[in-house]
Amino acid sequence: MPETAATPPPAARPSGAVLAFDFGEKRIGVAIGETSLAQAHPLTVINTAANAERFAAIAALIKEWQPVRLVVGLPVALDGTPHAMTARCTRFANQLRGRFALAVDYAEERLSSFEAGQFLRESGHDARSARDKIDAVAAQIILQSYFEAHPDAR
């Protein structure tokens with residue numbers, strides 16, 4: 001995953017809340033976690049394709065949770081190569097960084113939505129109820145994998 005100029009080295013990462021995003025063209029799943037606990041939880045789904053509404057919802061979440069950093073899931077093909085959504089997610093991360101002046105990291109999200117769907121089915125959700133939650137659970141999986149990949153950031 002690309003480390004960005006805005007991403008401080010792990011030793012300099014402040015502790016606090018982290019918001020993670022599973023970016024999609026129609027919906028954005030959001031999860032929350034705390035660096036010291038390294039535990040992610042699904043938070044919400046932003047269910048609109050309109051950019052102004054998306055960023056207004058994100059601004060409200062940032063105001064409420066006061067995160068020290070953001071994490072964006074970075075989708076890649078099964079062989080690890082970038083594809084069209086990789087570029088869209090990178091653009092979204094750059095927009096977050098520019099609008100909210102927060103550090104933004106990436107976490108690989110290969111198969112996170114598939115994993116989220118499987119988890120929800122195993123938890124007893126049918127297709128309809130899972131559809132409303134899958135993006136937030138995918139964001140939780142992305143954030144949990146980020147915490148596991150950065151144990152020195154706690």
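The basis for the numbers below is simple: all heavy atoms, side chains too, and nothing from hydrogens, waters or symmetry mates. On a predicted model such as this, the values are computed, not experimentally measured, just so you know.
- Only one option out of Leu61, Val104, Val30, Val18 pairs with Leu70 in a side-chain contact (heavy atoms from CB on, under 4.5 Å); it is Val104.
- A heavy-atom distance below 4.5 Å is not found between the side chains of Arg91 and Phe23.
- Here the closest heavy-atom approach between residue Ser145 and residue Glu108 is recorded as OG-O, 4.1 Å.
- Side chain of Glu64 to main chain of Ala59: no donor-acceptor pair is present (N/O by atom type, distance under 3.5 Å, no hydrogens or angles).
- Summarising the geometry of Asp22 relative to Ala138, their closest heavy-atom pair is OD2-CB, 3.3 Å, with the distance given to 0.1 Å.
- Checking side-chain atoms of Gln140 against main-chain N and O of Ala31 turns up no donor-acceptor pair under 3.5 Å.
- Side-chain N or O atoms of Thr48 include none that pairs as donor or acceptor with a backbone N or O of Arg54 at under 3.5 Å.
- The closest side-chain heavy-atom distance from Leu74 to Thr86 is below 4.5 Å.
- Two residues are said to be in side-chain contact when any heavy atoms from C-beta on lie closer than 4.5 Å; Tyr146 and Arg69 meet this criterion.
- In terms of heavy-atom proximity, Gln66 sits nearest to Ala17 at O-CB, 4.5 Å.
- Val72 approaches Ala93 most closely through the heavy-atom pair CG2-CB, 3.9 Å.
- Atoms CZ and CD1, from Arg99 and Ile58 in turn, are 8.5 Å apart once rounded to the nearest 0.5 Å.
- Listed here is the closest heavy atom pair of Pro42 and Ala136: CB-O, 3.6 Å.
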Leu19 vs Leu43, side-chain contact (heavy atoms from CB on, under 4.5 Å): CA-CA, chis, key distance, verdict
CA-CA 9 Å; Leu19 285 175; Leu43 185 60; 3.9 Å; yes

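- Between Phe55 and Phe92, the ring planes are tilted. Angles from 30° to 60° get that label.
- For the pair Tyr106 and Val71, the tightest heavy-atom approach, listed with the atom from each and the gap, is C-CG1, 4.4 Å.
- Note that CZ of Arg27 and OG1 of Thr44 are 12.5 Å apart. Values are rounded to the nearest 0.5 Å.
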